[in-house]
Amino acid sequence: MLFKQVAGNQFIKESLIQQVQSNRVSHAQLFFGPEGSGALAMATAFARYICCTNKQASDSCSTCSSCIKFEKLVHPDFHMVFPVNTNNQVKKDACCDDFIVEWRKALTDNPYLNLYDWLKSLGIENKQGNIGTEEGTNIIRKLNLTTYESPYKIMLIWMPECMNLHTANKLLKILEEPPERTLFLLVAESREQLMSTIQSRTQAIRFRPLSDNEVTAFLINELSIENDRAQQVAALSEGNLNLALKLSQETELIKKDIEDFLEWMRFCFKSNIPKLLVWVDKMAGVGRENQKNFLTHAVHLTRQTLLLNLNLPQLVKLSESDKELLKKFSQFVNAGNSDELLAAYDKAYYALERNANGKMLFLDLSFKVSILLNKRVLPKVA
Ligand SMILES: [Zn+2]
C-alpha cells in the first residue's frame, strides 16, 4: 500500500510523513476509527514508508527491495497480529502464523475490510476473533529477533480490542519498557474498548468517516466507476469505504432496492399479510449478503425519507428521480417512528451477521415495521 492509494485522510498522511522526515516517529501509535475509514490501509502505507530505502517527498518509492517485499506483505521486519480462531484447517491453538497467507491475501484484496469479512474469509464468521495468550508470547519472540533490513521492527496489531486480558497485560509491559528500534502500530475501531493504560501509552490518531467527496474520488480514480454511480454509492455508504466497495460491485442493485423497499413499505403499511408472506419468501432466498445490503439501504432510505418529511430537501442525498419516488412515502416516516424504524433495521442487521434465520427475521421485522408505520404522531399541545 502506498500513501497515494489510501483514500482521503490527507492531513493524517502529511503528519505521518512529517514524523518520518523529522525523525520523530513515536514508538507506539494507536490508529483508531470506524469501519471503512482507512486506518489499516494507512498503517501499512506508513510502515512501508518507514522501511523504504529510497523515500520520496510524499511516498514510498515502489522499486527498492523493501518496497517490493511490502507489496507482497512479506518484509521480515514487518510483523502483523490479527484476531483468529480455529477453523477446518487449524483445529486447535489458532494463532496468526497459522493464517498469515490468508491474511496477506485478505489485506491485499481489501485493506478496508472489517473483522466480519476477515473471519468470513476463513469460514468462521460465526466465531469470535481472538488475540490469545499464545499470541502474546509470539509477539515477544518476534520482537527479540534482530532486525534484518530496516531502521525499525514494526509490529502492527489489528483489532487490539480482541486481545484477552493476559495478552493485553503482556503488551502493556512491553509498551512500558519498549525494546530499542521497535515500533508498535495498533489499529482499532474502538479506542474505548482498550485498557486505559494501553491508551495512555500510545499516541492516538483518530480517523473519521470519509467525506462523500473522498469516497467518490476513490471510486472514480481507483475503480474507474462512472461519476454518477460513484456519487450514489458514496451517499449510501456514509463514509464507510468498505461498504462503498461492496455496494459498487452490485450493478443495478440500488435502483431495484428503492423499488423493492417501497413495495415492502406498502405491504407493511396496509398489513397485507398474503403479499408480505410472498415478499418474505423472496427475501429469504436472496442470500445473506444481499439481505444485509437491503437493510443498509433501508436505513439510508428511511433517513432520507425523514428529511423529505421534515421538508429539508437540500439535505437529501438522492438523485432527483429517486427523490420523486420517495416523496409520496415520506408522509409515513416522521419524528414519531423514525428512531424505532432505524433501531429495528439495525437489530435485524446485527442478527443476520450472527446467522439468524432470514425468513423468521424478515417476517418479524415486517410486523414491527407495519405497526410503526401506522403509528400516528401525537399533535403538539398548543
Ligand atoms: Zn522503496
Side-chain angles (χ1 to χ4, degrees), residues 1-33 37-82 96-97 99-113 118 139 142-158 178-187 202-203 205 207 210 214 217-218 220-224 241 245:
M1 200 88 198
L2 293 164
F3 278 129
K4 70 174 180 204
Q5 293 167 318
V6 181
N9 288 307
Q10 193 53 34
F11 180 75
I12 295 178
K13 262 179 222 176
E14 282 165 17
S15 78
L16 293 174
I17 290 167
Q18 185 55 32
Q19 274 191 34
V20 178
Q21 288 177 354
S22 60
N23 214 0
R24 298 188 122 124
V25 178
S26 43
H27 83 277
Q29 309 200 26
L30 168 64
F31 291 14
F32 72 101
S37 56
L40 178 60
M42 191 72 89
T44 56
F46 183 41
R48 178 167 171 169
Y49 189 62
I50 289 170
C51 297
C52 175
T53 55
N54 185 23
K55 291 180 195 39
Q56 313 292 300
S58 61
D59 222 324
S60 308
C61 74
S62 291
T63 50
C64 72
S65 85
S66 167
C67 278
I68 289 167
K69 286 173 193 149
F70 260 95
E71 191 62 35
K72 295 182 187 150
L73 299 170
V74 295
H75 196 291
D77 298 321
F78 182 48
H79 305 282
M80 293 179 282
V81 173
F82 39 83
C96 294
D97 289 345
F99 295 107
I100 187 67
V101 174
E102 290 85 349
W103 169 250
R104 286 183 188 129
K105 180 175 183 325
L107 181 55
T108 306
D109 289 350
N110 177 13
Y112 302 89
L113 83 175
W118 161 235
I139 291 174
K142 287 172 184 172
L143 290 179
N144 284 328
L145 299 171
T146 41
T147 50
Y148 291 90
E149 305 166 3
S150 309
Y152 291 95
K153 260 176 293 196
I154 302 176
M155 179 65 67
L156 184 152
I157 304 180
W158 182 58
E180 270 187 16
R181 294 168 65 207
T182 299
L183 169 60
F184 279 91
L185 295 176
L186 276 54
V187 180
T202 49
Q203 178 183 305
I205 299 182
F207 286 68
L210 298 170
E214 285 172 328
F218 184 88
I220 293 173
N221 299 333
E222 298 293 321
L223 302 180
S224 308
L241 192 57
L245 292 171

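In listed order, ligands and their atoms are each counted from 1.
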Rounded to 10°, how many degrees is the angle SG/C52-the Zn ion (ligand 1)-SG/C67? 110°
With the Zn ion (ligand 1) at the apex, how many degrees lie between SG of C61 and SG of C64, rounded to 10 degrees? 100°
Using atom types as modelled and distance alone, determine if a side-chain donor or acceptor of Y152 lies under 3.5 Å from a backbone N or O of F184. no
May I ask you to check if any N/O/S atom from C51 comes under 2.8 Å of the Zn ion (ligand 1)? no
Counting only heavy atoms not in Q10 (residues, nucleotides, ligands), do more than 12 fall under 6.0 Å from its CD? yes
So W103 and W118, would you call those rings parallel, tilted or perpendicular, with 30° and 60° as cut-offs? perpendicular
Mind checking whether Y112 and F218 have parallel, tilted or perpendicular rings, split at 30° and 60°? perpendicular
